[in-house]
Protein chains: 2
Amino acid sequence: MARIKAGEAERESSVDKVEQILQGAMQEFLARGYAGASMDRVASRAGVSKATVYSHFQDKEGLFKTLIEQMATKRFQSVFGNQPPEGDPSVVLPKLAKAALAQMIDDQEHRAFMRVIIGESGRFPELAQVCVRCLPKPAIETVTQYLTAHPELNLPDPEATAWILIGTLMSFMNVQEMLHGKEIVPMESDRLIETLTYLIAGTANPKTE
Amino acid sequence: MARIKAGEAERESSVDKVEQILQGAMQEFLARGYAGASMDRVASRAGVSKATVYSHFQDKEGLFKTLIEQMATKRFQSVFGNQPPEGDPSVVLPKLAKAALAQMIDDQEHRAFMRVIIGESGRFPELAQVCVRCLPKPAIETVTQYLTAHPELNLPDPEATAWILIGTLMSFMNVQEMLHGKEIVPMESDRLIETLTYLIAGTANPKTE
DNA sequence: GTCTATAAGTAGATAGAC
DNA sequence: GTCTATCTACTTATAGAC
């Protein structure tokens with residue numbers, strides 16, 4: 001490959017280097033956590049020298065904060081789709097729950113991300129809060145709106161009910177996948193979802209009657 | 001203090017030293033996580049030399065595993081009391097839930113412990129499983145037994161219902177306390193507990209009718 | 001802007017005196 | 001059994017060449 005004086009193939013410098021560094025930082029921080037990550041390995045994974053990493057980010061903490069904030073706002077925005085759901089609760093609730101569970105469980109990066117966030121939530125509380133704003137908050141709000149829009153369910157407290165729905169799914173993911181509890185406390189996700197739907201929308205829950 | 005040849009006051013050696021080391025290790029590991037913890041600081045917090053730490057435990061990993069297993073089995077056994085609950089569901093369920101939440105939220109050490117366990121669950125899956133066996137498993141089993149013993153509740157799946165109860169409480173703790181979400185997704189624990197009780201035991205949940 | 005080389009400090013772990 | 005002193009490897013971060 002002939003060298004071009006300042007060709008496009010070489011103009012990937014600065015901008016793309018930052019992206020490379022963030023990619024390498026993601027691999028390293030998600031694999032080893034904040035304290036366990038090494039800036040040498042970040043640089044190595046990114047394919048740049050360590051000095052280049054430090055020329056774009058102030059220090060390890062700054063790189064970590066930038067990475068986590070970017071992942072929270074870009075990569076893992078909404079557990080559900082973007083538009084509010086419509087239709088009969090006995091159809092919509094299981095569909096919503098299945099979609100949320102599938103997205104959390106199938107995505108290995110998502111699990112590693114949550115592990116790091118929770119593990120570092122004592123030392124980086126503001127990062128934990130960014131994640132609360134991007135993950136459970138929109139999910140709870142979406143479900144609350146949907147439940148409020150269905151007064152025929154006769155729910156005394158739609159917001160608390162939304163907490164119960166989302167909280168159950170989050171805990172299921174936590175215990176079964178993150179804490180490796182599948183064989184210790186076995187539970188089919190479909191049973192959980194059916195029971196949630198039954199309790200909230202009531203297979204046999206005809207209003208007050 | 002005169003020196004006694006082998007007096008009781010000095011016989012605290014070996015046995016108590018191990019206890020001191022585990023105490024120091026607990027402070028250090030809970031404060032900084034596994035990777036962030038230093039064996040120098042463990043020794044310093046324990047009031048012994050580092051060599052003494054290594055004479056009682058093989059290495060950092062061995063000390064960590066011993067500590068976590070001991071804490072899981074001794075310190076944080078049951079979220080609920082030991083004996084199975086009795087009485088009317090509309091009374092027992094809120095009482096149980098309040099007790100569990102109070103114990104999790106008020107105990108700062110418990111929160112730090114859960115943070116470390118989740119944060120390290122990728123690198124120490126067997127430790128995570130020990131905690132699943134000691135914490136959510138007995139809680140879910142207790143509630144499942146109680147719900148099964150009350151067929152008048154007409155629950156199609158008591159075990160899944162127990163998951164929902166325990167999972168909701170765990171997630172509430174997770175989001176509100178561990179991830180510092182109290183101001184971002186506000187929710188009164190009493191509203192959550194009342195709604196859980198309503199959905200499961202039904203203020204207005206008269207059997208199928 | 002990016003690199004190589006290195007500074008300065010701390011990590012886990014052990015040898016050997018007592 | 002417990003200590004002090006030490007070894008080696010690795011850590012974050014930067015200086016200076018190009």
Side-chain angles (χ1 to χ4, degrees), chain A residues 1 3-29 31-68 116 120 123-124, chain B residues 1 3-29 31-68 116 120 123-124:
Chain A
M1 320 280 188
R3 182 154 43 86
I4 310 171
K5 45 184 187 288
E8 291 146 34
E10 286 184 345
R11 201 172 263 311
E12 16 109 6
S13 300
S14 262
V15 178
D16 283 349
K17 283 275 161 72
V18 169
E19 199 46 51
Q20 283 178 42
I21 293 169
L22 285 170
Q23 271 288 326
M26 187 183 81
Q27 293 172 25
E28 177 71 5
F29 281 122
R32 299 177 177 252
Y34 177 74
S38 124
M39 295 296 271
D40 279 284
R41 281 188 296 262
V42 168
S44 165
R45 294 180 121 128
V48 301
S49 77
K50 198 163 44 160
T52 302
V53 175
Y54 278 96
S55 81
H56 288 282
F57 299 92
Q58 196 184 15
D59 54 14
K60 188 183 183 181
E61 188 171 320
L63 173 58
F64 183 65
K65 286 182 177 169
T66 304
L67 173 75
I68 297 295
V116 173
E120 303 298 338
R123 281 167 293 273
F124 297 96
Chain B
M1 320 281 189
R3 182 154 44 86
I4 309 172
K5 46 181 185 291
E8 292 147 33
E10 284 184 346
R11 202 173 259 314
E12 17 110 5
S13 300
S14 260
V15 176
D16 283 350
K17 282 275 160 74
V18 169
E19 199 46 50
Q20 282 177 43
I21 293 168
L22 284 169
Q23 271 289 325
M26 186 183 82
Q27 292 172 27
E28 177 71 5
F29 281 122
R32 297 177 178 252
Y34 177 74
S38 123
M39 295 297 271
D40 280 283
R41 280 188 296 263
V42 167
S44 165
R45 294 179 119 129
V48 301
S49 77
K50 195 162 48 160
T52 301
V53 175
Y54 277 96
S55 80
H56 288 282
F57 298 91
Q58 197 184 14
D59 54 13
K60 187 182 183 182
E61 189 172 319
L63 174 58
F64 183 64
K65 285 181 178 169
T66 304
L67 173 75
I68 297 295
V116 174
E120 303 297 338
R123 281 167 293 271
F124 297 95

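A note on names: the letters A, B, ... follow the listed sequences, proteins ahead of strands, and every chain is numbered from 1.
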Could I get a table of every N or O pair under 3.5 Å where one atom is in the protein and the other is in nucleotides 9-12 of chain D?
from	atom 1	to	atom 2	distance (Å)
D/dT11	OP1	A/Arg41	NH1	3.4
D/dT12	OP1	A/Ala37	O	3.0
D/dT12	OP1	A/Lys60	NZ	3.1
D/dT12	OP2	A/Met39	N	2.9

| What's the CZ-P distance between B/Phe64 and C/dG12, to the nearest Å? | 13 Å
| message | At less than 4.0 Å, is any side-chain N or O atom of B/Thr52 found next to OP1 or OP2 of D/dT2? Yes or no. | response | no
| query | OP1 or OP2 of C/dG1 less than 4.0 angstrom from a side-chain nitrogen or oxygen of A/His56, does that happen here? | reply | no
Between the side chain of [X] and the main-chain N/O of [Y], is any donor-acceptor distance below 3.5 Å?
| X | Y | value |
| --- | --- | --- |
| B/Thr66 | B/Gly62 | yes |
| A/Arg123 | B/Ala31 | yes |
| A/Lys60 | A/Tyr34 | yes |

| Watson-Crick and G-U pairing of DNA chain D written in dot-bracket, each distance under 3.5 angstrom, with | for inter-strand partners | ||||||||||||||||||
Are any non-hydrogen side-chain atoms of [X] and [Y] less than 4.5 angstrom apart?
| X | Y | value |
| --- | --- | --- |
| B/Val116 | B/Phe29 | no |
| A/Leu63 | A/Tyr54 | no |
| A/Ile68 | A/Glu120 | no |
| A/Glu28 | A/Phe64 | no |

Check nucleotides 15-18 of chain D against the protein and report each pair of N or O atoms closer than 3.5 Å, with its distance, or say if there are none.
none

Which pair of non-hydrogen atoms, one from [X] and one from [Y], has the smallest distance, and what is that distance?
| X | Y | answer |
| --- | --- | --- |
| A/Asp59 | A/Met39 | C-CE, 4.3 Å |
| B/Gln20 | B/Gly47 | OE1-O, 4.4 Å |
| A/Ile21 | A/Val42 | O-CG1, 4.3 Å |

